[in-house]
Amino acid sequence: MIPARAILLYHAYFVYNNVNYLSMPRQSNISELEQLAASQWGMFTTAQAQALGFRRNQVSRMVDSMRVEPMCYGVYRFVAGSEPANADLKAAWLSAFPKETAAERLAKRHFDAVVAAGTAAAALGAGDFHMSPYTFITAVRKQTMRKNMRFLGCSLDEADVAMVDGLPTTSFERTVFDLLRLDEDPSLVDGFMRDAARSRGHAFDFERLSELLGPIALRHGFPEGGAAFAADLVLRNASDVLVDRANDALRSAVADICGSEAFRSAAENASAPHLDALRDAGLASSLEAMRRTLLDSIGSLRLDVVKGADLPGAEALAKSLAAATAELPKPDAKGIASALVKAARPFDAQEEGSDSIGEEA
């Protein structure tokens, strides 16, 4: 007769092994989960794992075996492979709507969660902001008890969203608006705009920024409409960048003129007919294109608004931009000849032809 203790030990062993077996995920399920995670920066959510046939305790055992690691509430990452950039932000974004895959969410016409405010500023790489609390604009009202996440339920124009490192993120202009409407420190907003213009090379869309700032202009001491508010922000934080960009475009335009075959031919032949040759060579249209490039480089900052806003430094900015624009060669015979004279001066080999060209003009 088998002792009762032996029966109990055998029963316990049988139960233990069967529980372990039942707790082990199938290899096919693991492969599916790995494929899903590969499309989501190596991550998956508990809800996604359950949809593939996993139980919560099976995910926990994968954590215990150090096959996956927890990223945030309900989100895990496979340990194998390098950690993606902004991994914590991506994990937070996945956790906002955990049942759907990243591919399903990104395929929607209107994104369900867009990185916003200080989190967007950090993702855009400008200013002195931290990712956390992770802030998202959601298409539907959403709440959370997590202290490191925040949802802003409001409408969002598609034009104000850009893809940054794989995540939908508010544009520079929309980020400025969100920071201001959430009463962020104005000095931090200024720093964000300066970094955006200087380090990131962003030319602020003045018209769009004005439109966005309209509803909060009065609250910040500016007239309705947002144009004066936008002009003040751009003038204080990006005007020097606009002038530098305009001057760079001017230097590039002059260099293109000097390098053209038409210029070299004109410099060698100072006779009047060379102007017709220049026109025939298409230099006039090239100059017009250069002028448009220069004006575009200034951005959409309207000088009439800047002048009319009576803002500190507005007059100096307007004069600087006007001077840069005036220096660009005019696409006519006299303007071409004058440009050739100015452009030839730095080139010793062409100095003799420069004066004669100027006299012809």
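Residue numbers count from 1 along this sequence. FYI, side chains are in, hydrogens and waters are out, and symmetry mates aren't considered; it's all heavy atoms of this structure.
A side-chain contact (heavy atoms from CB on, under 4.5 Å) with N86 is found for exactly one of V164, D165, T119, namely D165.
Partners of F177 according to the ring pair (Phe, Tyr, Trp, His ring centres under 6.0 Å) rule, which considers only residues two or more places apart in sequence or in another chain, do not exist here. H220 pairs by the ring pair (Phe, Tyr, Trp, His ring centres under 6.0 Å) definition with F229, not counting sequence neighbours.
Side-chain N or O atoms of E173 include one that pairs as donor or acceptor with a backbone N or O of D205 at under 3.5 Å. A donor-acceptor pair under 3.5 Å is formed between the side chain of D195 and the backbone N or O of G127. No side-chain donor-acceptor contact under 3.5 Å links K142 to the backbone of R150. When atom types are taken as modelled, the side chain of E69 and the backbone of R77 share no donor-acceptor pair closer than 3.5 angstrom.
The number of heavy-atom neighbours closer than 6.0 Å to CG of D128, taken from other residues, nucleotides and ligands shown, is 12 or below. By the 6.0 Å contact criterion, NZ on K108 is enclosed, its count of non-hydrogen atoms from other residues, nucleotides or ligands being greater than 12.
One side chain, S95 or R146, offers a donor N or O that lies under 3.5 Å from an acceptor on the other. Between the side chains of Q48 and E100, no donor N or O sits under 3.5 Å from an acceptor N or O.
Ring orientation note: the planes of F204 and F172 are nearly perpendicular, at an angle over 60° on the 30°/60° scale.
If you take CG on L124 and NE2 on H202, they are separated by 9.0 Å, rounding to the nearest 0.5 Å. Here the CG atom belonging to L213 is positioned 11.0 Å from the CZ atom belonging to R219, to the nearest 0.5 angstrom. Between atom CG of residue D160 and atom OG1 of residue T170 there is a gap of 8.5 Å, rounded to the nearest 0.5 Å.
Side-chain atoms of D88 and N148, non-hydrogen and from C-beta on, never get closer than 4.5 Å to each other. Side-chain contact between R55 and Q50 is absent, with no heavy atoms from C-beta onward closer than 4.5 Å.
Between R61 and D64 there is no salt bridge, since no side-chain nitrogen of the basic residue lies less than 4.0 Å from a carboxylate oxygen of the acidic one. One finds a salt bridge joining E34 and R67 here, because a Lys/Arg side-chain nitrogen approaches an Asp/Glu carboxylate oxygen to under 4.0 Å.
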Going through the checks in order, is the salt bridge (Lys or Arg N to Asp or Glu O under 4.0 Å) test met by D157 and R174? CA-CA 9 Å; D157 194 297; R174 174 70 196 210; over 6 Å; no
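When hydrophobic residues (I, L, V, M, F, W, Y) are linked wherever their side-chain heavy atoms come within less than 4.5 Å, the members clustered with M131 are W41, M43, M71, V75, L89, W93, L94, L106, F111, V114, V115, Y134, F136, I137, M149, F151, L152, L156, V161, M163, L167, L182.
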